[in-house]
2 protein chains.
Amino acid sequence: MDSATPRRRRPRADARRNYERLLAEADAVFREHGVDASLERIARQAGVAIGTLYKHFPTRLALIAALLRERHDALFARGDALLADASPGAALATWIRLVVAHAATYQGLAALFIVGPGLKAAELAEDCARLASVTEQLVGTARAAGALRPEVTSADVSALMNAAAWVHEEISADQANRLLDLAVAGMTPTGTALGS
Amino acid sequence: MDSATPRRRRPRADARRNYERLLAEADAVFREHGVDASLERIARQAGVAIGTLYKHFPTRLALIAALLRERHDALFARGDALLADASPGAALATWIRLVVAHAATYQGLAALFIVGPGLKAAELAEDCARLASVTEQLVGTARAAGALRPEVTSADVSALMNAAAWVHEEISADQANRLLDLAVAGMTPTGTALGS
DNA sequence: CAAGATAGGTGAGGGTGCCTCAACTTAGCA
DNA sequence: TGCTAAGTTGAGGCACCCTCACCTATCTTG
């Protein structure tokens, strides 16, 4: 059964072009109208028929996932680096800010991260798992270093990040920051900022 | 100009019936599918043509507002009562819980409260204003009583309430409670629950 | 470099939902 | 009892979702 050598033909040039244009327009449209924006509009703006969009991205989530691919890799890399940080509290604080900023890129994105493993977002399940994993490790080290109250779970931190991202989307970045500051203060033994 | 006496005819019996049935079905459907559920489905379930629904409730928001009318009056009444509470901290804590529970009734409701005064939700503008007003007064008295850190604003509390309602909708009631506990601890001078 | 194979592109079409409006019904009132 | 305004109806226009049968352009091989 070494039929594992089907000699994949090189992808057509126009296909590659369309793929890139679709990603670019999707990013623009999602930034302006959120992740529920019209896919037909994206195809239109990319100068492509709707069928072509569906060929490249069978579902809305597949499109979103492709759009986030590079950004997620970069994000998780930074997360891994933070695990080696000398100050676990400060590292966690940085991580929280990074994730919130990321999750607030498109309106509605934070909600997708929550659905995560659910059937609804299979295409994002792995990303969500990695996100949760990094968060859990950072929370673990921060707690071990005494920077967090012992009863604070990584689920608490995840919920806070998503909630802050939602506030960022729906109200303002400033209000999201204030919420973060307050909630984080409630998570530290000293009632102050993390990594003091 | 005393044409202010047009002798309104009594509303038709079937009209009244349809109005009530629409409200009942809307409540059921919104509870199950959130505030973005299909209006045609609601009309169908109410055994009424779609035009009838639009006759009674010209916009989705008009329907939602009608649905919330009584509940809001009750909520604001409780809020006013809490203003006279002997323990301003505990009163604020109760208020926060009440509002979060209310805002989490239908998926998507919390987001509407935020849009509030915006053009998008004119039908809810007044309700939002009253909500904000009660919150502001309770925050004021709590702060004056030293139950809140001085830099905490009523906007902070409002954002927290909406964020917690969102967590309630999207994750779980339990996680929403934990977020509330943590954030509230960050708002008190002692770093503990309100109204201690 | 020609021509075959095939990945890729297209857009009509069926489904759902939003909202409007002209024509029809029916319950209240005199 | 019959007039009439309030109320009801559902087709129809628009937008979006997603699929699929049928083309078409590009890569590849001889």
Side-chain angles (χ1 to χ4, degrees), chain A residues 3 5-26 28-30 32-66 106-108 112 119-123, chain B residues 3 5-26 28-30 32-66 106-108 112 119-123:
Chain A
S3 64
T5 322
R7 304 296 308 282
R8 310 292 298 141
R9 184 186 223 178
R10 179 178 2 137
R12 265 163 63 169
D14 56 344
R16 180 144 214 90
R17 230 181 14 247
N18 287 338
Y19 182 88
E20 299 299 346
R21 273 208 78 184
L22 281 168
L23 277 186
E25 295 301 332
V29 171
F30 284 155
E32 189 168 1
H33 303 285
V35 295
D36 289 327
S38 159
L39 297 183
E40 301 207 315
R41 179 204 193 84
I42 293 174
R44 221 153 42 225
Q45 289 194 17
V48 139
I50 184 66
T52 301
L53 183 151
Y54 278 97
K55 188 98 188 183
H56 287 291
F57 310 102
T59 67
R60 177 183 297 271
L61 240 43
L63 175 52
I64 295 172
Y106 310 132
Q107 203 174 34
L112 285 185
L119 314 167
K120 262 189 70 183
E123 288 90 340
Chain B
S3 63
T5 322
R7 303 294 308 282
R8 310 291 297 141
R9 187 185 223 179
R10 183 188 350 148
R12 266 163 63 166
D14 56 343
R16 181 145 214 90
R17 229 180 17 244
N18 287 338
Y19 183 89
E20 299 299 346
R21 273 209 78 181
L22 281 168
L23 277 186
E25 295 301 331
V29 171
F30 285 156
E32 189 167 3
H33 303 285
V35 295
D36 289 327
S38 159
L39 297 182
E40 301 207 318
R41 184 216 245 312
I42 292 174
R44 219 153 43 226
Q45 290 195 15
V48 139
I50 184 64
T52 300
L53 183 152
Y54 278 97
K55 186 93 187 190
H56 287 292
F57 309 103
T59 68
R60 178 183 296 273
L61 241 43
L63 175 52
I64 295 172
Y106 311 132
Q107 202 175 33
L112 285 185
L119 313 167
K120 262 189 68 183
E123 287 91 340

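Everything quoted here is computed from the prediction, not taken from an experiment. Both backbone and side-chain heavy atoms feed into the values below; hydrogens, waters and symmetry mates do not. Quick note on labels: first sequence line is chain A, next is B, and so on, each numbered from 1.
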inquiry  = Check this one for me: any side-chain N or O of B:Asn18 less than 4.0 Å away from OP1 or OP2 of D:dT8?
reply    = yes
remark   = In whole angstroms, the gap separating P of D:dT8 from OH of B:Tyr19 amounts to 13 Å
note = Separation between CZ (B:Arg21) and NE2 (B:His56), nearest 0.5 Å, reads 12.5 Å
request  = Please state how far atom CD in B:Glu40 lies from atom C1' in C:dG15, giving the value in whole angstrom units.
outcome  = 12 Å
query = A:Ala122 and A:Leu61: which non-hydrogen atoms are nearest, and at how many Å?
reply = N-CD2, 4.5 Å
inquiry  = Expressed as a whole number of angstroms, how long is the span from B:Leu53:CG to D:dG7:C1'?
reply    = 14 Å
ask   = With nearest nucleotides of DNA chain C determined for A:Ala49 and B:Arg12 from heavy-atom distances, which residue corresponds to the more 5′ nucleotide?
value = A:Ala49
remark   = Tightest non-hydrogen contact, residues B:Leu22 and B:Ala43, listed as CD2-CA, 4.2 Å
message = Quick check: on DNA chain C, is the nucleotide nearest B:Arg44 upstream (toward 5') of the one nearest B:Arg17, or the reverse? Name the residue that is more 5'.
response = B:Arg44
task = Look at the side chain of A:Asp14 and decide which nucleotide, out of D:dT19, D:dA25, C:dG17, has an atom nearest to it.
result = D:dA25
key: Residue pair A:Arg17 / A:Asp14, side-chain heavy-atom distance below 4.5 Å   = yes
task = For B:His56 and D:dT8, give me the distance from atom NE2 to atom C1', rounded to whole Å.
result = 9 Å
Side chain of A:Leu39 - closest among C:dG17, D:dC17, C:dA12 = D:dC17
task = Choose from C:dG8, D:dC18, C:dT10 the nucleotide whose nearest atom is closest to any side-chain atom of A:Ala15.
result = C:dG8
request  = Looking only at side-chain atoms of B:Pro11, point me to the closest of D:dT26, D:dG7, D:dC18.
outcome  = D:dG7
query = Starting at CZ of B:Arg60 and ending at P of C:dG17, how long is that distance when rounded to a whole Å?
reply = 11 Å
ask   = For D:dC17, does either OP1 or OP2 sit under 4.0 Å from a side-chain N or O belonging to A:Ser38?
value = yes
key: Donor-acceptor pair present, B:Arg9 side chain and C:dG28 base, under 3.5 Å   = yes
request  = Evaluate the side-chain proximity of A:Arg60 to A:Leu39: yes if any heavy-atom separation is below 4.5 Å, no if none is.
outcome  = yes
request  = Would you classify A:Thr52 as touching base, sugar-phosphate or nothing, given that sugar-phosphate means primed atoms plus P, OP1 and OP2, and contacts are heavy atoms under 4.0 Å?
outcome  = base
remark   = B:Lys55 NZ to C:dT20 C1', in whole Å, measures 11 Å
ask   = Taking CG from B:Asp36 and C1' from C:dG17, how many angstroms apart are they, rounded to a whole number?
value = 12 Å
remark   = A:Leu63 CG to D:dC18 P, in whole Å, measures 11 Å
5' priority, DNA chain D, between A:Arg10 and A:Pro58 [closest heavy atom] = A:Pro58
